[in-house]
Amino acid sequence: MSRLVIAGEVLESRLFLGTGGLPRPDLVRPVLEAARPALVTVSMRRASGSAPAGLLGILRDIGARVLPNTAGCLSAGEALHTARLAREALGTSWVKLEVVRDERTLLPDAVELLDAAATLVTEGFTVLPYAPADPVLACRLVDVGCAAVMPLGSPIGSGLGVLDPHAIEAVVAAVDVPVVLDAGIGTASDAALAMELGCAAVLAASAVTRAEDPVGMARALRLAVEAGWIARRSGRIPRRAEARSASPLTGRVS
Amino acid sequence: MSRLVIAGEVLESRLFLGTGGLPRPDLVRPVLEAARPALVTVSMRRASGSAPAGLLGILRDIGARVLPNTAGCLSAGEALHTARLAREALGTSWVKLEVVRDERTLLPDAVELLDAAATLVTEGFTVLPYAPADPVLACRLVDVGCAAVMPLGSPIGSGLGVLDPHAIEAVVAAVDVPVVLDAGIGTASDAALAMELGCAAVLAASAVTRAEDPVGMARALRLAVEAGWIARRSGRIPRRAEARSASPLTGRVS
Amino acid sequence: MSRLVIAGEVLESRLFLGTGGLPRPDLVRPVLEAARPALVTVSMRRASGSAPAGLLGILRDIGARVLPNTAGCLSAGEALHTARLAREALGTSWVKLEVVRDERTLLPDAVELLDAAATLVTEGFTVLPYAPADPVLACRLVDVGCAAVMPLGSPIGSGLGVLDPHAIEAVVAAVDVPVVLDAGIGTASDAALAMELGCAAVLAASAVTRAEDPVGMARALRLAVEAGWIARRSGRIPRRAEARSASPLTGRVS
Amino acid sequence: MSRLVIAGEVLESRLFLGTGGLPRPDLVRPVLEAARPALVTVSMRRASGSAPAGLLGILRDIGARVLPNTAGCLSAGEALHTARLAREALGTSWVKLEVVRDERTLLPDAVELLDAAATLVTEGFTVLPYAPADPVLACRLVDVGCAAVMPLGSPIGSGLGVLDPHAIEAVVAAVDVPVVLDAGIGTASDAALAMELGCAAVLAASAVTRAEDPVGMARALRLAVEAGWIARRSGRIPRRAEARSASPLTGRVS
Amino acid sequence: MRITLNGADVECDAPTITLLLGDVPIGCAVAVNHEVVPRSVHHTHPVNDGDTVEVVAAVAGG
Amino acid sequence: MRITLNGADVECDAPTITLLLGDVPIGCAVAVNHEVVPRSVHHTHPVNDGDTVEVVAAVAGG
Amino acid sequence: MRITLNGADVECDAPTITLLLGDVPIGCAVAVNHEVVPRSVHHTHPVNDGDTVEVVAAVAGG
Amino acid sequence: MRITLNGADVECDAPTITLLLGDVPIGCAVAVNHEVVPRSVHHTHPVNDGDTVEVVAAVAGG
């Protein structure tokens with residue numbers, strides 16, 4: 001596959017992964033080896049004093065970048081603080097920016113998001129905002145300097161896939177930065193569909209970590225993302241209401 | 001992937017391919033190399049006296065089996081005659097049995113199909129019928145000895161994908177032979193979805209041969225079939241209307 | 001609404017109703033008054049010796065015809081016997097012909113159905129078969145003399161609506177008798193959609209009888225059937241991917 | 001139907017109508033008589049000096065309120081100016097607030113919309129904003145004082161219906177003002193579905209004015225809105241994957 | 001004599017359907033040995049030892 | 001004097017809105033220099049050289 | 001004699017299938033009067049006046 | 001003195017972050033009174049009575 005470039009950086013995969021929710025820590029490495037993600041999301045949480053778990057070491061081993069998120073932030077201010085802590089902790093200026101209205105729906109708050117994105121860009125961050133599937137808001141996020149846009153396919157962790165393919169296509173058409181499908185992926189066909197709609201990458205977390213076999217699902221999503229990406233570039237046949245034979249119509253035995 | 005077995009034969013891939021409709025004959029080999037199908041469908045047509053094109057040689061080279069179809073047959077009698085000619089010509093008793101009502105819709109005729117299937121089984125054929133997505137008819141086809149059932153996802157060549165996933169799941173639940181999604185595949189996500197619904201394999205033709213880049217689409221479908229197969233076995237997360245965070249809810253910075 | 005004609009009989013409504021499953025018998029009359037169905041289905045069951053409940057009297061009062069069904073029959077033979085009993089009991093030669101494979105899926109068995117339909121037609125019955133949404137089978141049912149075809153939208157009692165609108169449209173296009181959407185209706189929009197796809201009528205039972213407010217849902221379905229019927233005849237706007245303003249584009253204040 | 005109340009005003013219908021796009025002016029009156037809308041949208045456009053067409057007189061005759069829109073406005077400033085002109089011209093402080101990003105997609109601009117809404121509320125307007133189907137933004141619009149929220153089902157004039165029912169349900173759940181489905185209605189089942197999702201009303205324009213028979217479609221939508229409203233209140237049956245008979249299972253003739 | 005009435009073994013000595021069942025109301029029908037017996041001949045149609053008699057009624061259905 | 005009326009350059013010498021436009025019917029409104037002018041003061045509101053005058057009417061919309 | 005070969009009227013005097021068609025390659029098959037003729041007997045199977053002969057080949061299908 | 005450390009009231013007498021927390025490993029960061037304190041100045045940055053100190057670490061997320 002041709003490679004994905006965000007903010008001038010070449011990424012070696014079009015699958016991004018969150019590992020939160022895995023039932024056992026020893027699954028982290030095989031899941032990452034099966035998924036081979038370009039970016040792996042992490043959250044910033046109060047430390048119990050000990051060193052962070054081996055996640056960062058595994059990322060180094062497999063050559064994946066860390067992408068801190070601001071999950072759980074309910075205001076621009078909280079998100080700014082979390083992003084700055086993440087930059088200091090991880091030495092990366094990339095951030096998956098999340099600002100949600102409430103902890104039940106986990107839906108992005110367009111106003112706080114735009115506010116926080118604008119500030120973080122001026123502070124030198126590379127901002128990838130988790131956003132509504134709203135083409136106009138996507139434009140505004142790009143206007144303030146976001147490096148990508150990450151519309152949700154459906155609510156976080158819902159596994160409902162891409163509820164409004166038309167909206168995702170509209171976001172892709174509206175902006176000239178990579179569009180990453182974030183939230184809602186449930187299984188392989190969802191990921192393939194997202195890529196076919198024009199997304200440049202897909203982020204999955206619960207779909208993998210809460211599957212019965214996380215390693216298997218990691219591998220399935222990797223293949224599906226590649227399949228969808230190639231399919232998009234291969235020019236699919238148009239949908240038609242009428243049938244059309246692939247077998248020759250002439251020369252039939254009568 | 002664990003291997004597919006039909007009628008006691010092990011097949012090395014879960015993608016079956018028809019090559020009718022390719023714009024240029026020199027695409028046959030690269031398409032087949034990209035798709036690596038277990039079975040490749042052919043039609044029986046009046047010969048102009050010369051030897052058949054190199055398709056059979058290519059199949060031998062890449063290790064794919066030939067699967068003659070009875071495309072274009074409008075009655076059980078025509079289909080029987082075509083199947084017998086195919087067995088003589090190709091030395092295989094496998095047949096993709098098609099009996100359609102008319103050349104416009106190309107929809108399968110359950111009555112003629114069942115009639116032809118029963119006769120062919122008694123003559124020693126391994127019958128894979130192209131059938132309506134009807135669980136009860138699928139049972140009847142198995143009752144008369146069909147080795148697999150091939151329900152349509154949507155009309156032949158339409159690219160509409162799987163119009164009624166519930167019906168395909170019901171066919172899978174109803175029979176204990178492999179179910180092969182036949183007809184309607186348009187792109188990679190359709191193939192992945194079919195596998196996730198429980199199909200044992202997918203047959204594609206127009207989706208590949210009439211794509212802008214048939215070789216690319218062949219590769220995309222191969223990956224998608226594998227992705228969907230693995231996803232099915234990995235136990236996807238349940239769909240839920242409510243969100244659920246993959247990031248920890250505790251320890252957030254306030 | 002222009003009136004529905006089946007087998008030469010004018011029906012005053014495009015809603016057919018089954019009343020099985022109502023929580024209380026005193027709901028029968030208000031439900032029927034709210035739904036104003038042209039036909040009301042009944043089943044034939046062993047009598048405890050007493051006279052049948054007041055259902056037939058209510059039908060007489062509101063001017064609805066009775067339509068006996070052969071629900072629960074697993075073979076053509078059982079269906080024939082049930083239809084003959086119904087004709088004797090009710091003095092009508094109309095029958096909603098159901099032959100299912102098993103009591104779990106309640107899906108129609110095309111082979112037994114076609115067999116029973118052919119026999120009943122020769123015995124002078126007016127046959128309305130509950131059938132798979134299969135255009136070819138629909139043609140065959142008409143070929144043997146069925147007066148209408150009743151494809152299922154989704155499994156009986158599932159409330160899943162019309163799972164494959166394309167298939168229902170194809171059935172409508174294939175036959176020149178009225179197509180009645182049978183099975184699967186869950187709510188008003190399902191009924192409207194069925195009519196918009198070209199159905200001549202809709203049959204509902206569980207959607208009404210098991211709703212929290214059966215009388216309300218009866219009224220909703222009556223309105224929805226009328227709405228869908230008129231919409232179909234009013235020539236809906238084409239679906240278009242792009243927006244188009246209904247407000248004037250010129251003369252805007254700058 | 002129980003009556004709709006917006007900003008303390010009782011509205012006698014749950015259908016709102018735009019009449020822009022009708023092929024002939026003499027259709028206005030019969031269309032309005034068939035639709036019986038509570039509100040009829042108008043746009044403000046440069047006058048050619050003559051009196052405005054008889055639309056206002058017809059509205060008075062049929063007892064419908066006029067609802068000026070700000071269609072075509074690309075900024076908060078333009079929308080404010082248009083709303084103020086409308087109030088002066090029509091003597092109503094109600095306004096359907098539209099601020100779009102561009103004239104091609106006609107998609108609402110959340111930022112400008114929120115800005116304009118806040119200002120208009122402080123000036124005493126009753127603001128009904130045409131908005132993305134974004135529950136969080138809907139909350140913010142209510143926070144600044146909007147009297148209703150009007151999420152789009154699909155792009156204006158597209159006839160694609162409700163592309164993301166889950167999102168509309170989420171908007172309904174998020175706010176305690178009436179939710180009016182605006183934009184995208186194509187036919188009766190779309191309107192019924194919108195109501196079943198919990199909308200308090202539906203606004204249609206192109207669906208009626210550009211139908212082949214606008215008067216027929218107006219009537220169809222009126223019935224569909226009522227059907228969907230009643231269905232919502234009648235407690236539909238749950239969707240279930242398995243069948244469930246409405247006919248008695250016991251007492252069958254064997 | 002013994003007959004099977006709606007699936008149950010029954011002892012009876014009614015020589016005709018009418019004497020066995022009385023007047024069968026509208027909405028009901030009778031079959032003997034899997035043949036429908038028209039209402040018009042209920043009063044003459046014999047009931048014999050070993051017969052299988054079914055009486056069915058129309059009930060609310062789907 | 002010259003004014004801009006609904007986007008067009010116009011020569012006029014009407015000193016007030018009412019003299020310029022007559023009675024503006026219900027459903028219409030007037031703005032001068034982007035400020036709405038209430039109907040009640042049309043007969044006194046001056047029209048000055050260089051003014052931008054807009055007259056709008058309600059039309060069928062969506 | 002005259003035969004029908006793949007739907008066309010043909011004059012020929014070949015007494016057997018092999019003499020009529022030569023060696024039929026793999027992937028092809030022959031039917032005479034709607035009966036498949038196995039390759040092994042092509043050299044002896046007679047062609048008679050009025051016969052309907054079909055020669056078919058496997059081609060790319062769907 | 002008393003500080004608030006990750007939301008808990010804590011008694012301590014460490015004059016600097018380094019003395020309070022030791023070497024903060026990669027993947028962690030410290031904020032004092034809601035300002036991030038770069039790792040490079042942990043050994044000099046004072047901890048004062050009443051300070052709010054946060055120590056956070058990267059954990060598996062979504």
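Note that the structure is predicted; figures quoted are calculated from it, not measured. Order of the sequence lines fixes the chain letters, A, B, ..., with proteins taken first and strands second; residue numbering starts at 1 for each chain.
- Here the shortest heavy-atom pairing between B:Asp134 and C:Pro108 reads OD1-O, 4.4 Å.
- Rounded to the nearest 0.5 angstrom, C:Asp102 CG and B:Cys139 SG are separated by 8.0 Å.
- Side chains of C:Ser154 and B:His166 form no contact here, defined as non-hydrogen atoms less than 4.5 Å apart.
- Most heavy-atom pairs under 4.5 Å with chain C, from the set B:Asp109, B:Val100, B:Leu114: that is B:Asp109.
- For the options B:Leu160, B:Leu137, B:Val111, heavy-atom pairs under 4.5 Å to chain C are most numerous at B:Val111.
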